[in-house]
Student: 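Got a structure here, written out as structure tokens. Questions coming.
Please read these numbers as outputs of a predicted model, since none were measured by experiment.
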Amino acid sequence: MEALREAVRSGRLAPGTRLPSSRVLAADLSVARNTVADAYAELAAEGWLTSRQGSGTRVARRTAPRRAVGEPLPGPSPSAPGPVRGANARYDLLPGSPTLAAFPRAQWLAAARRAVTAAPNDAFGYGDPRGRIELRTALAGYLARARGVRVDPDRVIVCAGFVHGLRLIGSVLGARGVRTVAVEAYGVPQYRSLLTDAGLHTPGLPLDGDGTVTSALPGVRGAGAVLLTPAHQFPTGVPLTPRRRAAVVDWARGTGGLVLEDDYDGEFRYDRQPVGALQSLDPERVVYFGTASKSLAPGLRIGWMVVPRAMVAEVVAAKGHSDWAPGAIGQLTLAEFIASGAYDRHVRAMRLRYRRRRDQLVDAIAERAPGIRVTGIAAGLHAVLELPPGTEESVTSAAAWQGLAVDGLRSYVHEDAAGLPGVRKRAALVVGYGTPPDSAWHGALDALCRVLP
């Protein structure tokens with residue numbers, strides 16, 4: 001195997017070169033065919049080779065040389081590759097996406113047929129800007145049962161994912177005269193940018209082992225709303241404690257503010273029953289956001305909001321100024337998918353799949369990188385791997401060198417939050433274990449373990 005590695009590393013075997021079959025090479029070398037097959041499999045797992053049925057085994061095409069076993073991790077240099085994103089990576093461990101290969105195509109197609117057959121003619125018109133009544137009714141029942149949301153269909157507004165919903169709420173808040181929306185010290189930069197683009201100031205709130213420090217809200221001057229991920233803070237993975245949940249609702253009641261609850265993966269908790277939505281504490285002070293992006297697929301572009309009754313008309317008016325919305329057929333299909341019980345069955349199956357993946361990740365780290373600690377509750381589609389101080393940049397560079405797409409925690413730190421209490425300069429990786437298909441999962445785990453210090 002080392003001879004093959006060296007041949008690829010030196011360029012004597014160019015990317016795309018087809019290698020002899022395991023049978024032919026075994027005969028040439030006078031060794032067992034299984035020996036060659038095992039060697040090919042190991043080199044493929046390391047990223048040196050690729051193997052596809054009908055195409056044979058070939059030298060992998062790489063963006064940068066692979067690191068040989070025993071060589072030190074590459075340091076930053078002017079010619080080193082930048083972060084490898086999912087579309088260009090051999091292995092994708094970026095957070096935020098489910099296993100797309102597990103999308104229930106047959107069940108979805110069956111639901112679409114039933115939904116389109118039963119749909120009234122007016123379902124294919126412009127319709128209610130809140131969304132199809134069939135979907136709003138199905139969502140109201142599901143959210144009440146599965147997430148404890150206090151809701152009726154009239155307060156459900158269908159949107160094209162969380163970003164669309166947040167954009168609408170940002171517009172409404174701006175029209176109400178709100179100028180500041182507090183956000184978590186760690187979070188998705190795009191969401192902060194979206195609010196900033198709407199003319200809203202987004203100061204960060206401290207974070208600790210109990211979640212976002214909601215007691216800091218009264219000190220945020222002029223805050224009219226706060227954006228939280230209470231069930232499973234993104235990306236640190238800690239839940240908001242009951243005391244802090246109550247405190248943020250008390251703040252909203254006392255100031256007339258709003259809590260924007262992003263329940264992005266609330267269905268997926270593995271060590272206990274999922275914690276119910278914060279919205280249930282006060283439906284008139286909380287805007288609840290959910291989507292099908294984690295439970296089914298982001299490509300469906302279907303999300304939903306449950307808004308306070310007093311906000312419904314304002315959000316509908318804001319939505320009416322945009323044509324950005326999911327199509328009627330997709331809405332009708334999801335409504336049927338939920339009503340038939342297929343959605344519940346799919347979520348249960350995926351919960352088991354992701355729990356196994358998280359367990360395999362934790363076991364692999366414990367065995368092969370025992371100095372690395374996995375943090376965050378057993379939930380969602382990602383985990384945080386705590387690294388030795390000062391190593392995050394070198395580890396993410398080594399990952400890019402291996403063709404592995406993975407984010408460092410620093411990618412999610414609020415740009416103004418470095419000095420906040422409870423926000424330290426942690427070195428960590430945010431590992432999305434939902435994205436790889438089954439065929440690539442163990443290879444991704446191997447690649448990850450190879451770059452850990």
Side-chain angles (χ1 to χ4, degrees), residues 98 103-169 261-267 277 279 283 286-309 311-320 322-348 350:
F103 182 79
R105 298 170 190 246
Q107 295 88 341
W108 185 262
L109 181 59
R113 287 172 173 162
R114 294 193 300 270
V116 171
T117 299
N121 291 335
D122 66 5
F124 305 104
Y126 290 104
D128 191 325
R130 290 174 296 181
R132 288 298 308 171
I133 184 60
E134 296 90 342
L135 179 55
R136 292 188 285 117
T137 301
L139 284 170
Y142 174 78
L143 293 173
R145 170 170 47 82
R147 303 296 300 127
V149 175
R150 293 161 60 186
V151 57
D152 60 66
D154 289 342
R155 294 195 294 123
V156 177
I157 297 177
V158 180
C159 50
F162 175 75
V163 167
H164 182 208
L166 186 60
R167 190 186 303 275
L168 293 173
I169 294 299
E261 179 180 13
D262 179 8
D263 196 32
Y264 68 99
D265 63 1
E267 296 104 332
Q279 186 264 7
V286 179
V287 177
Y288 175 90
F289 296 86
T291 80
S293 296
K294 307 297 185 291
S295 56
L296 284 167
L300 295 178
R301 306 311 310 145
I302 299 179
W304 46 86
M305 296 181 285
V306 180
V307 303
R309 195 171 300 280
M311 286 188 71
V312 171
E314 295 168 90
V315 177
V316 168
K319 189 182 179 193
S322 169
D323 290 331
W324 189 20
I329 292 177
Q331 292 187 53
L332 292 168
T333 301
L334 180 57
E336 172 62 24
F337 199 72
I338 295 171
S340 69
Y343 187 81
D344 288 79
R345 291 190 294 272
H346 178 72
V347 168
R348 286 196 298 270
M350 297 310 294

Student: Roughly how far, to the nearest 0.5 Å, is CD1 of Ile302 from CG of Leu334?
Tutor: 5.0 Å

Student: So how far is it from Cys159 SG to Trp304 CH2, rounded to the nearest 0.5 Å?
Tutor: 9.0 Å

Student: Can you tell if the side chain of Arg136 reaches within under 4.5 Å of the side chain of Asp128, non-hydrogen atoms only?
Tutor: yes

Student: Is it the case that more than 12 heavy atoms not belonging to Arg105 sit under 6.0 Å from its CZ atom?
Tutor: no

Student: Once you round to the nearest 0.5 Å, how far does CG of Leu332 lie from CZ of Arg132?
Tutor: 5.5 Å

Student: Does Asp152 come within less than 4.0 Å of Arg309, counting only side-chain N to carboxylate O?
Tutor: yes

Student: Checking side chain to side chain contact (heavy atoms under 4.5 Å, CB included) against Gln279, which of Val287, Val149, Leu143 comes through?
Tutor: Val149

Student: In plain terms, say whether Asp154 and Arg130 are close enough for a salt bridge, that is, a side-chain N and a carboxylate O under 4.0 Å apart.
Tutor: yes

Student: Which atom pair, heavy atoms only, marks the closest approach of Ala297 to Phe103?
Tutor: CB-CD1, 3.9 Å

Student: Between Thr291 and Tyr264, do the side chains contain an N or O donor and an N or O acceptor separated by less than 3.5 Å?
Tutor: no

Student: Just wondering, do Val151 and Pro283 contact through their side chains at under 4.5 Å, heavy atoms?
Tutor: no

Student: Run Asp263 and Phe162 through side chain to side chain contact (heavy atoms under 4.5 Å, CB included) and show every step you take.
Tutor: CA-CA 10 Å; Asp263 196 32; Phe162 175 75; over 6 Å; no

Student: How many angstroms lie between OG1 in Thr117 and CZ in Arg113, if you round to the nearest 0.5 Å?
Tutor: 9.0 Å

Student: Tell me if the CD1 atom of Ile133 is crowded by more than 12 foreign heavy atoms within 6.0 Å.
Tutor: yes

Student: Nearest 0.5 Å, please: how far is CG in Leu135 from OH in Tyr142?
Tutor: 13.0 Å

Student: Can you name the closest pair of heavy atoms from Ile329 and Phe124 and give their distance?
Tutor: CG1-CE2, 4.0 Å

Student: Just wondering, do Val306 and Phe289 contact through their side chains at under 4.5 Å, heavy atoms?
Tutor: no

Student: With distance as the sole test, does Lys294 use its side chain to make a donor-acceptor pair with the main-chain N or O of Glu267 at under 3.5 Å?
Tutor: no

Student: Drop me the distance from Ser293's OG to Arg301's CZ, to the nearest 0.5 angstrom.
Tutor: 5.5 Å

Student: Please give me the minimum heavy-atom distance between Ala335 and Ala138, naming the atom from each residue.
Tutor: O-CB, 3.9 Å

Student: Would you call Tyr288 and Met305 a side-chain contact if the rule is heavy atoms closer than 4.5 Å?
Tutor: no

Student: Counting C-beta onward and ignoring hydrogens, is there a side-chain heavy-atom pair between Leu296 and Pro104 closer than 4.5 Å?
Tutor: yes

Student: Mind checking whether Gln107 and Ser340 have side chains closer than 4.5 Å, heavy atoms only?
Tutor: no

